[in-house]
Amino acid sequence: MASPDPPPATSYAPPDVPLGVSLFLTIPYAFFLPELIFGCWVWMLVAATQVANPLLQGWVIYVSLTSFLISLMFLLSYLFGFYKRYESWRVLDSLYHGTTGILYMSAAVLQANATIVSETGDVKNYYINTAASVSATQDTELLSGAHCRGLILS
């Protein structure tokens with residue numbers, strides 16, 4: 001029985017994701033830790049304020065908490081090599097980070113609105129809301145960089 005023809009040679013082979021701690025030393029994956037830190041920071045800062053508008057800041061907490069948990073699952077998947085079981089992990093990673101970047105942008109705008117509303121009240125809440133707005137904006141930028149991770153590797 002003749003063996004099937006080998007696939008044609010290509011000039012591009014996607015890089016393999018490093019396992020373990022070396023994951024944090026490569027550029028596309030180094031975004032995981034700041035992404036998790038800023039996501040948790042937004043969540044804690046909004047939860048620490050006196051909520052001016054529960055609907056707006058509820059959305060900010062929902063986006064930051066959900067993004068934090070899903071990013072943590074992606075990180076664990078990369079650390080332990082679970083992604084190797086699925087062929088579409090790059091598409092899933094790109095879709096997640098692109099969608100989350102848009103959601104974080106909406107959360108940053110809503111948090112900025114909550115900051116403006118709290119400007120006339122307690123100064124402490126105003127400063128905490130300002131820090132949450134800046135952190136949400138930073139997380140949006142990190143997610144757009146992480147979104148490039150999936151585009152580069154796909």
Side-chain angles (χ1 to χ4, degrees), residues 14-86 88-154:
D16 196 23
V17 178
L19 292 175
V21 179
S22 60
L23 179 78
F24 301 115
L25 301 176
T26 57
I27 282 297
Y29 303 101
F31 288 116
F32 267 119
L33 289 180
E35 182 181 328
L36 289 171
I37 290 169
F38 279 110
C40 184
W41 188 243
V42 170
W43 171 34
M44 289 188 306
L45 286 171
V46 173
T49 64
Q50 182 179 12
V51 177
N53 192 338
L55 186 62
L56 298 181
Q57 289 183 302
W59 176 252
V60 175
I61 288 179
Y62 170 76
V63 168
S64 62
L65 181 60
T66 304
S67 299
F68 176 81
L69 292 175
I70 295 174
S71 292
L72 185 63
M73 288 190 313
F74 267 113
L75 175 63
L76 293 176
S77 171
Y78 288 134
L79 278 176
F80 298 122
F82 296 140
Y83 70 93
K84 292 180 181 180
R85 296 182 186 171
Y86 306 101
S88 61
W89 66 271
R90 291 183 182 117
V91 174
L92 182 64
D93 190 15
S94 293
L95 287 174
Y96 163 70
H97 283 98
T99 304
T100 306
I102 293 169
L103 293 177
Y104 250 116
M105 183 55 73
S106 71
V109 169
L110 294 176
Q111 184 58 36
N113 182 30
T115 303
I116 292 168
V117 169
S118 69
E119 191 173 26
T120 59
D122 186 19
V123 175
K124 177 184 164 193
N125 283 326
Y126 174 72
Y127 289 144
I128 294 173
N129 280 324
T130 303
S133 298
V134 170
S135 297
T137 306
Q138 289 298 323
D139 212 14
T140 302
E141 292 174 12
L142 284 170
L143 283 166
S144 63
H147 176 66
C148 293
R149 169 180 62 229
L151 294 177
I152 290 170
L153 297 176
S154 56

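Only this structure's heavy atoms are used, side chains among them; waters, hydrogens and symmetry mates stay out. Fair warning: this is a prediction, and the values are worked out from it, not measured in the lab.
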Quiz item: Can you check whether Ser67's main-chain N or O pairs, donor with acceptor, with Ser71's side chain at less than 3.5 Å?
Solution: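 A pair under 3.5 Å: yes.
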Taking all non-hydrogen atoms of both residues into account, name the closest pair between [X] and [Y] and its distance.
| X | Y | value |
| --- | --- | --- |
| Val46 | Ala132 | CG2-CB, 3.9 Å |
| Ala107 | Val60 | O-CG2, 3.4 Å |
| Phe68 | Cys40 | CE1-CB, 3.9 Å |
| Leu75 | Leu36 | CD2-CD1, 3.6 Å |

Please round to the nearest 0.5 Å and tell me the distance separating atom [atom1] of [X] and atom [atom2] of [Y].
| X | Y | atom1 | atom2 | value |
| --- | --- | --- | --- | --- |
| Gln111 | Ile116 | CD | CD1 | 10.5 Å |
| Glu35 | Thr100 | CD | OG1 | 8.0 Å |
| Ile61 | Met44 | CD1 | CE | 12.0 Å |
| Leu110 | Trp59 | CG | CH2 | 8.5 Å |
| Ile70 | Ser77 | CD1 | OG | 13.0 Å |
| Leu79 | Phe74 | CG | CZ | 13.5 Å |

